[in-house]
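Structure first, commentary second.
Here is the naming used below: chain letters follow the sequence lines, and residue numbers restart at 1 for every chain. Given the structure is predicted, the values throughout are model-derived calculations rather than measurements.
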Amino acid sequence: MTQPESAAAGGDWPLFEVFIRSRSGLEHKHVGSLHAADARMAIEHARDVYTRRQEGVSLWVIRSADIIASDPEEADALFEPARDKVYRHPTFYAIPEEVKNL
Amino acid sequence: MYTQALDTHGKEPISAAAGDAAGQRFQARIDADEKIEPKDWMPDAYRQTLIRQISQHAHSEIVGMLPEGNWITRAPSLKRKAVLIAKVQDEGGHGMYLYSAAETLGISRAQMVQQLLSGTAKYSSIFNYPTLTWADVGAIGWLVDGAAIMNQIPICRCSYGPYARAMVRICKEESFHQRQGFEIMLTLAGGTAEQRAMAQDALDRWWWPSIMMFGPSDADSKHTAQSMRWKIKRFSNDELRQKFIDITVPQAQFLGLRVPDPELRWDEAGQHFRIGPIDWSEFYEVLKGNGPCNRERLQARRDADAAGEWVRAAAAAHARKQAAKQATGARQP
């Protein structure tokens, strides 16, 4: 039986999250993840795995372990308070038709 | 390419934990067409079903590189060679997207690779058939990738977010695969008598295995109902198979090739092409490991893994060295 992948390194290479800027002027957007031994290899792999069809002009990679995410269990506590503050939206305010440029 | 509905023969825990409150809330989210994301609560059976399906799908992409890779060095022109390399590279990329999606469910890449290499994981049985001639590369693109697209498009709307997103990316790329395959068939079909015979021979050998890619018929498919409730699956095996037959038979007719099924007929009332009985004994034999290339495919993956070991070890050593150097550099102002 052969060894599992990267068994010599004691398991998988670190996981990186990949972000692509599809063209200049747009923000980087998350597209997926991959394993790489280091940051440079992560960029090279990201190029091969995620941009074979000119999907981007710039790449970001970040170790998945370094991402701090909100907890779905706390979603209500975090986001619910915004729900009853509709006055933060312009459509909340009734303005007479004849008033222009508002 | 695609993994067929192999999960229908796994040891699947059917109970969806539907009884408890968390299970009911989960099902309500699915019913409301909400996507489930990695950190969300999910029933264990849902998680296990997805891990198995996505990893099988990933393995299929990786093993699927082998039959076509067989023809890269013998492609008939530089253009065909460049196209085939791009296609095989895409299959590798698809495997990578899918392994990543499966990893979000808590299984490691190393575990999945180990399952493939040890022979405990399944992959689509279609890749256990040999590619004997150049026409097989055309037939695979046209039929195998065609069947894959039919299967995969509904998975773009799968309830599990990472799987659905990987599938959107894959489907965009598959369309090129199918069209390049059909174009190869078209070129051969318009060629010499020998080339036409080659195209016909490829269709003869790939037709039934492609039809079987949709998995067992609905009557024998134990877990379809549960997967449909979870919106992992949107159509039954037989529905997808029929769709594939209905669009593919006219394409074969256009090529002037004969579909190898003496009972194939147009059902005017039903507005469908009807095929003859499928020889499922062959399907199960291939699934059990007794197809023409099962052993060869697995050995090729094991050899690749063993041959790449020193590269992975060197890369890991380099990364450790660089990290250590950086740490020392940071300490010395």
Side-chain angles (χ1 to χ4, degrees), chain A residues 1-20 22 29-56 59-79, chain B residues 36-42 86-87 89-90 92-101 103-104 107-119 162 165-166 168-169 172-173 176 298-299 301-323 326:
Chain A
M1 201 41 247
T2 41
Q3 298 270 302
E5 186 176 58
S6 55
D12 287 319
W13 283 333
L15 191 65
F16 287 82
E17 300 300 320
V18 181
F19 300 79
I20 296 180
S22 55
K29 200 175 157 198
H30 183 247
V31 291
S33 55
L34 49 77
H35 291 278
D38 56 28
R40 188 179 160 187
M41 187 194 274
I43 289 279
E44 285 166 3
H45 284 184
R47 176 242 186 216
D48 288 343
V49 177
Y50 291 104
T51 64
R52 289 191 303 281
R53 289 175 174 76
Q54 297 183 291
E55 284 91 341
L59 282 167
W60 285 354
V61 293
I62 183 168
R63 280 183 188 243
S64 311
D66 289 339
I67 290 185
I68 297 143
S70 66
D71 183 347
E73 299 291 314
E74 290 171 6
D76 276 355
L78 284 174
F79 307 115
Chain B
I36 307 302
E37 293 295 340
K39 292 174 80 181
D40 295 348
W41 185 89
M42 62 186 86
K87 179 176 191 295
Q89 191 191 19
D90 274 355
H94 297 177
M96 295 301 116
Y97 307 151
L98 289 162
Y99 281 132
S100 295
E103 283 176 85
T104 65
I107 188 169
S108 76
R109 180 78 59 102
Q111 272 175 287
M112 287 186 277
V113 171
Q114 180 56 31
Q115 287 171 356
L116 174 65
L117 297 184
S118 67
R165 290 192 287 275
V168 168
R169 193 171 284 279
K172 278 186 194 162
E173 302 182 354
F176 138 60
L298 217 48
Q299 195 54 48
R301 290 313 311 158
R302 287 172 183 158
D303 291 349
D305 187 71
E309 181 53 43
W310 73 270
V311 180
R312 295 192 296 274
H318 177 75
R320 273 196 303 277
K321 214 162 119 185
Q322 291 300 315
Q326 226 169 22

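Minimum interatomic distance between A:D12 and B:S108 (heavy atoms only, all atoms of both residues): OD2-CB, 3.5 Å. A pairwise comparison of heavy atoms in A:S33 and B:S100 identifies O-OG, 2.9 Å as the closest pair. Scanning all heavy atoms of the two residues, the minimum distance from A:M41 to B:A315 falls at CE-CB, 3.4 Å.
B:E103 CD to A:H35 NE2: the interatomic distance, rounded to the nearest 0.5 Å, is 3.0 Å. Atom CH2 of A:W13 sits about 7.0 Å away from atom CZ of B:R312, to the nearest 0.5 Å.
A:Y50 places no side-chain N or O within donor-acceptor distance of the main-chain N or O of B:Y97, the cut-off being under 3.5 Å.
Between B:K321 and A:D38 there is no salt bridge, since none of the side-chain N atoms of the basic residue sits less than 4.0 Å from a carboxylate O of the acidic one.
In this structure, chain B has heavy atoms under 4.5 Å from both the backbone and the side chain of A:A69. Residue A:R53 touches chain B through its side chain alone, counting heavy-atom pairs closer than 4.5 Å.
Within a 6.0 Å radius of CZ in B:R169, other residues, nucleotides and ligands contribute more than 12 heavy atoms.
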#### Entry: Check against side chain to side chain contact (heavy atoms under 4.5 Å, CB included), A:R52 and B:E173
CA-CA 10 Å; A:R52 289 191 303 281; B:E173 302 182 354; 2.9 Å; yes
